[in-house]
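Below: the structure, in structure tokens.
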Amino acid sequence: MKLKLFLLLLIGLNCTVFAQKPEQLISKNDVERIIKTLSADDMQGRATFTPGIEKAARFIENEYKNIELLPLSGNTDYRQNFSMFRVTPAVTLVSVNNTILPAENVMAISGAASFNWGNDPDVEIVKIGAEKNFINEYRTLISSNKKTLVLVDPHFEALFKRLAARNQRGSISKEANPNQQLVFVLGDFSEVKAYAVKYTGKVEKLPLFNIAGMIPGKSKKEEYVVFSGHYDHLGIIKPVEGDSIANGADDDASGTTAVIELAKYYKKLNNNERTLIFVAFTAEEIGEFGSAYFATQIDPEKTIAMFNIEMIGKTSKFGPNTAFITGFERSDFGTILQKNLEGTSFKFYPDPYPQQNLFYRSDNASLAKVGVPAHTISTDQIDTDKLYHTVKDELSSLDVNNITATIRAIELSSRSIVSGKDTPKRIPKLEE
Ligand SMILES: [Zn+2]
């Protein structure tokens, strides 16, 4: 009797962690604590390159440390550092046929700190007439590194002014090439007899970083499963009713919270056969630069799947206890997750907004492009969400139960991929 009881007790103890249901390993209070911290006003909207995002980064690093995640191989801490260039045009003076053009009719794109032209023979003059496709011509020109004066027909005024306004705020890119010198001018120029250009701009090399940690696999160490969300947001934007902080509670403090909770969950389970990577991406909002860099640092062939999580704070179109998966038809990732949730109250659906092109609008795209079954899980009703990218994307507008339920569903549904039992089909690489 005694021995039997002892054995039962022993088995019971051993099994407690494994037998625990996700609802016992993750608490709504903890979810609320994390998202509240990340979306608080003192994070200043977590814009890339600001003190606000640094504060968010330190918080996430501290969570990773408490969970006891390891830095990625080759790293000494959780920061995956890289840098980008920010180019902000300062002054562009252009005269054509001895007449100085109004500033709003001029747009310069250059990686140089300054340049001056005066009827240079090496400057090419290109005309974009009303019959051409301005945006296509524009794209071709900005991918070249030539000295070009571009005469844009007044027919394109509205688009020209939108592009110019955006350009004036500065642009972020991987390289700042001083040989790229493009000056667009709006106007009706039948003949250019003389011109002069004086340009100065600010070129800055700025540091940024993802925050990544891992739990090495027990047996399949060289097979990676990635869980991700982006920790950056828009920062300070145009005030509405005295509030100018875009808190980004749903976008994407909710996804970042999920990443931290998933790390906590799998660390407690301690039975992952594959290596798990947990990453909070920077600079999603300004061009998915964080995930693009991450994709260059990981071997895509060894990356089995990516669970990217974006905006899970509000009930989905399909009702409570549901979420959708972008790019559902591109692999069998979604059907594996659905199968793993059979018999539970939660259900995953294919993305109901294919016209929104969501598959290419989040960080999963950076890995999908190189063939990884990389999908985004979301509950946002993006077609009618009035809070999206506004100062009103605050925790008070979210349902923490929805976030908690979605995280639990991701936990349960990812287990067969984490254990090595299921391997989703690859996505065809994007031809560029
Ligand atoms: Zn987002």
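Bear in mind that the values here come from a model prediction, so they are computed numbers and not experimental data. Indexing begins at 1, ligand by ligand and atom by atom, following the structure's order.
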Steps toward salt bridge (Lys or Arg N to Asp or Glu O under 4.0 Å) verdict (Glu411, Arg415): CA-CA 7 Å; Glu411 290 173 349; Arg415 281 171 78 154; over 6 Å; no
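Salt bridge Glu261/Arg33: absent, no basic N to carboxylate O contact under 4.0 Å. Looking at Lys392 and Glu241, a side-chain N of the basic residue comes within less than 4.0 Å of a carboxylate O on the acidic one, giving a salt bridge. Using a cutoff of 4.0 Å between basic side-chain nitrogens and carboxylate oxygens, Glu157 and Lys161 are scored as salt-bridged.
Taking 2.8 Å as the threshold, His230 counts as a candidate ligand of the Zn ion (ligand 1), since one of its N, O or S atoms lies below it. Among the backbone and side-chain atoms of Glu285, none of the N, O or S atoms lies under 2.8 Å from the Zn ion (ligand 1). At a threshold of 2.8 Å, the Zn ion (ligand 1) has no backbone or side-chain N, O or S atom of Asp252 nearer than that distance.
If you look at Glu310 and ask which of its N, O or S atoms sits nearest the Zn ion (ligand 1), the answer is OE1. Within Asp251, the N, O or S atom lying nearest to the Zn ion (ligand 1) carries the name OD1.
Evaluated for a ring pair (Phe, Tyr, Trp, His ring centres under 6.0 Å) with Tyr293, the options Phe209, Phe281, Phe82 yield exactly one hit, Phe82.
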